[in-house]
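In what follows, a structure is listed as structure tokens, so that the remarks can point back to it.
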Amino acid sequence: MSEFIKNRLFILWPFGIGLFAVMFLWGFWQSGVTALGFNATILIISILFFLLGYKNSGEKWGINIFKKTRLFWLIPYILIALSFSIYENPWLKLISLLVLIIILAIFINYDSLIDKKIKWNWHFVDSVLTSRILSFLNSTIFRKANDTLMNAIRLNDASGSKKIIKKVILGTFLFIIIAFIILPLLASADPIFADKIRDVVSYILNYVSWDVIWRIFVAFVVGFLLTTIFLAWKKPQLVEEKLATWSPDAIVGGIVLTGTLIIYLLFIGVQIDNLWVKSLPIVFDETASLVKSGFWQLFTLSVINVILYFIFYKKDHNIIQIILTVFTFSSLLLVISASQRMFLYIKYYGLSYEKFFASYTVLYSIILFVCLIIFLLCKKKADIFKFLVIFFIWMYSIATILPIESIIFKTNIKLSAMPKSRIELNELTMLSSDVLNTAENYSIKGQEEEWKRWIAYERNQISYKSWYEKNISNLINSR
């Protein structure tokens with residue numbers, strides 16, 4: 001640890017990130033996610049560079065961050081980070097922050113593995129994810145914080161002017177603590193002294209901003225947390241791959257899978273007339289029920305199939321593998337049915353955030369089930385869990401850089417011109433400033449004033465932003 005502390009860049013970088021956060025992202029507490037633009041992209045990428053900056057203990061600041069072995073997760077991470085600087089899209093920003101934290105937690109620790117070819121099985125989850133990440137949250141942070149603090153105030157390790165500076169800082173800090181204890185006691189004993197102290201405190205407060213003090217404190221906390229996170233995750237980790245010691249019995253597994261498959265086939269048989277819908281009910285509630293039931297069937301079956309894959313995939317029982325293949329085909333059939341219902345739903349009622357991501361989930365599931373079928377047909381055993389995680393972050397990262405609101409707006413405008421359309425165009429005013437320039441070319445009959453007020457309101461919201469809170473879409477649509 002002492003080798004890292006001696007490196008000035010290591011000390012300055014995390015606290016510089018904390019200082020940047022309180023200077024350029026403080027508006028988040030007042031304006032929410034709309035205050036996240038260019039500033040968020042810079043912060044997110046800076047944290048990434050800091051956590052990957054050092055390669056191994058004792059080495060200098062590394063520049064080979066974009067290794068080929070990291071690109072499969074670095075590219076999605078950077079795409080999500082860049083999305084803050086491209087679109088307003090407030091609906092996605094909080095979700096993106098959560099996804100970015102998960103990506104860092106998983107893949108920074110994965111990057112520390114000596115053997116990166118290890119299978120992502122339950123042993124990997126327990127050794128790399130649970131033990132390493134959760135133990136950091138449980139105890140490591142406090143131990144690392146204590147070590148860092150002790151190193152900072154240890155006088156014997158310093159010499160010359162540095163030793164004097166440390167003594168002055170330590171003495172001042174201790175004096176302030178003692179003063180906060182003694183002064184209230186003396187003030188309560190003598191009213192005249194209390195008045196004098198009150199006058200002095202009032203005079204000081206006229207020149208001291210509590211907002212500045214609070215920002216300095218937050219900057220320090222952010223820098224300290226980043227430092228302790230790095231110290232907890234930087235060490236190379238050797239995880240020995242353990243083969244599964246338990247294998248499901250062929251008879252038990254066959255009964256479970258066959259019985260479940262029969263239930264699936266009965267379910268599909270009962271709904272055979274509804275698997276491919278030619279038209280939707282006129283009543284909206286009936287339409288929503290018809291479409292969403294298919295979607296939840298898809299979601300439930302997807303979860304069940306993934307669990308069954310982890311249990312029975314490539315367990316040397318050919319019959320079980322055949323049954324799993326039939327499982328996947330039956331799920332794929334329901335996915336295609338759900339996609340057709342969603343297409344009709346969008347065709348008559350228009351596109352929205354919910355319907356866009358429901359459609360995107362259907363697309364994800366179709367690709368997923370096709371890949372699962374391919375994995376079953378291949379002789380080599382695939383790393384299913386790793387595939388699911390990486391496939392998800394890639395699909396999500398691509399979604400974040402798509403012009404989602406523009407797609408929603410233009411799709412609804414075109415579909416509303418169809419004879420049997422039930423689209424309410426006034427609902428487009430729920431979108432953000434990403435579509436302002438496009439919206440100016442359209443107006444709704446009878447609601448022109450409301451349309452203009454919405455455009456004016458969104459333009460004003462952009463004008464209230466600082467330059468670092470804006471994004472490319474703001475710059476384009478503010479004109």
Side-chain angles (χ1 to χ4, degrees), residues 31-38 40-41 44 75-100 102-103 288 291-292 295 298-299 338-339 341-367 391-416 421 423-442 451 454-455 457-459 461-462 465 469-478:
S31 306
V33 293
T34 58
L36 302 179
F38 298 120
T41 299
I44 292 166
I75 293 175
Y77 181 92
I78 293 174
L79 288 178
I80 298 173
L82 290 175
S83 69
F84 288 87
S85 293
I86 300 175
Y87 302 114
E88 182 66 26
N89 204 350
W91 197 83
L92 272 183
K93 287 183 177 179
L94 279 179
I95 300 175
S96 295
L97 290 175
L98 178 62
V99 172
L100 287 169
I102 294 173
I103 292 175
V291 174
K292 291 180 179 180
F295 179 80
L298 158 69
F299 178 80
S339 65
R341 296 183 189 191
M342 186 60 64
F343 171 78
L344 291 176
Y345 194 23
I346 293 171
K347 179 180 178 181
Y348 291 106
Y349 288 94
L351 195 58
S352 63
Y353 270 116
E354 180 186 11
K355 283 173 263 186
F356 177 87
F357 281 100
S359 303
Y360 204 71
T361 303
V362 169
L363 176 63
Y364 172 88
S365 300
I366 290 176
I367 299 174
F391 184 43
F392 168 77
I393 65 173
W394 269 95
M395 288 290 287
Y396 182 81
S397 65
I398 292 172
T400 60
I401 60 172
L402 290 176
I404 296 176
E405 295 204 348
S406 180
I407 293 173
I408 293 173
F409 189 93
K410 292 179 180 179
T411 300
N412 286 351
I413 292 296
K414 291 180 179 179
L415 293 178
S416 65
S421 175
I423 298 173
E424 298 289 341
L425 288 179
N426 62 321
E427 293 182 358
L428 292 176
T429 56
M430 297 171 61
L431 299 176
S432 71
S433 58
D434 285 337
V435 296
L436 287 185
N437 285 350
T438 308
E440 282 187 328
N441 299 322
Y442 298 93
W451 194 262
W454 166 62
I455 294 175
Y457 171 79
E458 292 295 337
R459 285 253 161 82
Q461 292 297 107
I462 295 176
K465 288 185 175 185
E469 296 176 337
K470 294 181 180 180
N471 48 65
I472 295 175
S473 176
N474 290 157
L475 299 179
I476 294 174
N477 288 282
S478 61

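Hydrogens, waters and symmetry mates play no part in the numbers below; they use all other heavy atoms, side chains included. Along the sequence shown, residues are numbered consecutively beginning with 1.
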Non-hydrogen atoms of [X] and [Y] that approach each other most closely:
X	Y	answer
Ile346	Ser359	CD1-OG, 3.4 Å
Ala40	Leu36	CB-CB, 3.9 Å
Ile401	Leu79	CG2-O, 3.6 Å

Would you call [X] and [Y] a side-chain contact if the rule is heavy atoms closer than 4.5 Å?
X	Y	value
Leu94	Leu97	yes
Trp91	Phe356	no
Phe409	Asp434	no
Leu92	Ser83	no
Ile404	Tyr360	no
Thr400	Val99	no
Leu402	Tyr87	no
Leu351	Asn412	yes

Worksheet item: So, Thr41 side chain and Ala81 main chain: donor-acceptor pair closer than 3.5 Å or not?
Response: yes
Discussion item. Between Ser397 (side chain only) and Trp394 (backbone N and O only), is there a donor and an acceptor less than 3.5 Å apart?
Written reply: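 Checking the backbone N and O of Trp394 against the side chain of Ser397, a donor-acceptor pair under 3.5 Å is found.
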Spatial distance of atom [atom1] ([X]) from atom [atom2] ([Y]) [nearest 0.5 Å]:
X	Y	atom1	atom2	result
Asn477	Ile462	CG	CD1	6.0 Å
Ser433	Arg459	OG	CZ	9.0 Å
Ile472	Asn474	CD1	CG	10.0 Å
Ile78	Ile44	CD1	CD1	11.5 Å
Leu100	Ile95	CG	CD1	12.0 Å
Gln461	Ser432	CD	OG	11.0 Å

Excluding sequence neighbours, so at least two apart, what forms ring-ring contact (aromatic ring centres under 6.0 Å, His included) with [X]?
X	answer
Phe38	none
Tyr77	none
Trp454	Trp451

Worksheet, complete the sentence: Sorted by chain and residue number, the side chain to side chain donor-acceptor pair (under 3.5 Å) partners of Tyr353 (sequence neighbours excluded) come out as Asn89, Glu405
Practice prompt. Kindly assign one of parallel, tilted or perpendicular to the pair Phe392 and Tyr396, based on the angle between their ring planes and the thresholds 30° and 60°.
Written response: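 Phe392 vs Tyr396 ring planes: parallel.
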Worksheet entry | More than 12 heavy atoms from other groups under 6.0 Å of OH on Tyr457 |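 Open.
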Worksheet item: Please, which pairs that meet salt bridge (charged side-chain N to carboxylate O under 4.0 Å, His left out) have at least one residue in residues 391-402, sequence neighbours excluded?
Response: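 Passing the test, one end in residues 391-402: no pairs.
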Worksheet entry | salt bridge (charged side-chain N to carboxylate O under 4.0 Å, His left out) partners of residues 80-93, not counting sequence neighbours, each pair once |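 Listed once each, the pairs are Glu88-Lys465.
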Practice prompt. Give the C-alpha distance, both sets of side-chain angles, the deciding distance and a yes or no for side chain to side chain contact (heavy atoms under 4.5 Å, CB included) between Leu428 and Ile413.
Written response: CA-CA 9 Å; Leu428 292 176; Ile413 292 296; 4.1 Å; yes
